[in-house]
Amino acid sequence: MNKPEEKDGTLARPHAPPAKIITDAALRRKFLFNGISKGSAVAAAVIPIKSLATERYVTADGKICSVSGTQSAAHSQATSYLQCVGGHPSYYLDPQGKPKNWPLPNNCKVGGKSFKPDTPCNYLFSGGPQKSLINCLKTEPNSDTSVMITAILNACKSIESSVIKSPYTAGELMERFHDSRRQSTLDFCRGYMQTRRS
C-alpha cells in the first residue's frame with residue numbers, strides 16, 4: 001500500500017481536526033436547535049445559566065440576589081443559599097451624620113479611584129453633585145446619588161465583612177450606573193440592598 005507523499009518527497013501526516021471545546025451555552029444551543037419536539041428545551045432550561053452576580057445569595061424574600069434574579073424565585077432549597085445584605089445610607093452614618101461602618105481605606109476603590117467620606121460625588125459619578133459623599137448620604141438619603149454611593153459602599157464593605165454581602169463588585173455596579181442598566185440597578189439596590197440600618 002502506497003502512502004501519500006508531500007511535494008518535497010516526505011510522507012504526508014494525517015491532520016487531526018482541532019479538539020472542540022463545548023461550553024454550557026453552546027450545549028444549550030445545540031440541544032435547542034436539534035429538535036425542540038424531543039424535549040431539548042427542557043434540557044436546555046435545566047443547565048445553569050451564569051450571571052455577573054453570584055448565584056449563591058438570595059434576597060430576604062427568597063429571590064436570586066441579582067438585578068434579573070429578583071424578578072423570579074430561587075428554584076432550589078433556600079438552605080443552600082446565603083442571604084445578600086446591604087447597608088442603608090443610615091448604616092454608614094452615625095446619629096451626628098459622621099462616617100460609620102465605612103470599608104477599610106484599602107477597600108474603598110472603584111475603577112482605579114480611591115475614595116473616602118469627604119470625596120466629592122462628581123469624582124466617582126460623572127455629572128454627580130460637587131458635595132462630598134458623606135454629605136449626599138446625610139442630606140439626600142433617598143436620592144439616586146445616595147443609592148449609588150450606598151451600593152458602592154456595600155460592594156467594598158462586602159470584601160471585608162461577614163455582615164454585608166453584595167452580589168456585585170464596585171466595578172460592576174459603576175458600569176451599570178453608567179449604561180442602559182442604570183434604572184434597573186438603582187431599583188434593585190433601593191429595593192433589595194438597603195436592608196441593614198445599624
Side-chain angles (χ1 to χ4, degrees), residues 52-71 74 78-79 81-179 181-198:
L52 281 176
T54 180
E55 294 176 8
R56 37 182 230 153
Y57 292 103
V58 292
T59 62
D61 60 355
K63 296 177 180 175
I64 299 286
C65 192
S66 69
V67 172
S68 62
T70 54
Q71 298 164 3
T79 56
Y81 292 100
L82 300 172
Q83 185 176 342
C84 59
V85 176
H88 183 271
S90 63
Y91 179 77
Y92 294 106
L93 296 169
D94 70 12
Q96 289 76 37
K98 297 197 184 320
K100 172 182 87 168
N101 296 321
W102 279 58
L104 296 171
N106 59 332
N107 291 333
C108 287
K109 293 180 181 148
V110 60
K113 295 179 177 180
S114 296
F115 64 91
K116 52 189 180 184
D118 63 352
T119 299
C121 292
N122 63 355
Y123 174 75
L124 286 184
F125 308 108
S126 56
Q130 291 183 348
K131 59 178 148 181
S132 70
L133 298 173
I134 196 77
N135 280 336
C136 282
L137 291 178
K138 197 177 351 181
T139 60
E140 306 170 28
N142 298 317
S143 70
D144 287 354
T145 301
S146 286
V147 171
M148 291 189 291
I149 294 167
T150 305
I152 297 297
L153 287 171
N154 287 334
C156 294
K157 186 74 174 174
S158 189
I159 296 168
E160 66 194 49
S161 174
S162 61
V163 175
I164 301 297
K165 293 296 169 202
S166 173
Y168 294 101
T169 66
E172 290 167 340
L173 286 166
M174 191 62 81
E175 184 180 304
R176 290 171 159 277
F177 290 141
H178 288 92
D179 68 21
R181 301 170 290 179
R182 176 187 169 98
Q183 192 57 53
S184 61
T185 304
L186 284 168
D187 292 344
F188 166 74
C189 292
R190 187 177 273 122
Y192 295 97
M193 291 303 299
Q194 291 191 352
T195 54
R196 191 163 182 92
R197 293 186 179 265
S198 60

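Note: L137 CG to K100 NZ = 12.0 Å, rounded to the nearest 0.5 Å. Atom CG of L104 sits about 4.0 Å away from atom CD of E160, to the nearest 0.5 Å. To the nearest 0.5 Å, atoms CG (D179) and OG1 (T185) are separated by 7.5 Å. Taken to the nearest 0.5 Å, the OG1 atom of T145 stands 10.0 Å off from the CZ atom of F177. With values rounded to the nearest 0.5 angstrom, K138 atom NZ is found 7.0 Å from K98 atom NZ.
Counting heavy atoms from C-beta on, the side chains of Q194 and P89 come closer than 4.5 Å.
K113 is linked by a salt bridge (Lys or Arg N to Asp or Glu O under 4.0 Å) to nothing, counting only residues two or more places apart in sequence or in another chain. With sequence neighbours excluded, the residues that form a side chain to side chain contact (heavy atoms under 4.5 Å, CB included) with R182 are D144, M148, L186. Listed by chain and number, the residues in a disulfide bond (SG atoms under 2.5 Å apart) with C84 are C65 (sequence neighbours excluded).
Under the 3.5 Å distance criterion, the side-chain polar atoms of N101 are left unmatched by any main-chain donor or acceptor of Y92. At distances below 3.5 Å, not a single donor-acceptor pair connects side-chain atoms of N107 with backbone N or O atoms of I159. Counting only distance, with no hydrogens or angles, the side chain of R190 and the backbone of N142 share a donor-acceptor pair below 3.5 Å. For the pair S146 (side chain) and S143 (backbone), a donor-acceptor distance under 3.5 Å is absent.
Residues S158 and S166 approach most closely at OG-N, 3.1 Å, considering heavy atoms. Between S132 and C121, the shortest heavy-atom contact is O-SG, 3.7 Å. The nearest pair of heavy atoms linking F115 to C156 is CZ-SG, 4.0 Å. The two atoms that bring I149 and C136 nearest to each other are CD1-CB, 3.6 Å, heavy atoms only. Closest non-hydrogen pair, G128 versus N122, comes out as O-CB, 3.2 Å. Closest heavy-atom contact between L173 and C189: CD2-SG, 4.2 Å.
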Could you walk me through whether L124 and M174 pass side-chain contact (heavy atoms from CB on, under 4.5 Å), step by step? CA-CA 9 Å; L124 286 184; M174 191 62 81; 4.3 Å; yes
Candidate pair L153 and Y91, rule side-chain contact (heavy atoms from CB on, under 4.5 Å), full reasoning: CA-CA 10 Å; L153 287 171; Y91 179 77; over 6 Å; no
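A perpendicular orientation is assigned to the rings of Y168 and F188, their planes being inclined by more than 60° (bins at 30° and 60°).
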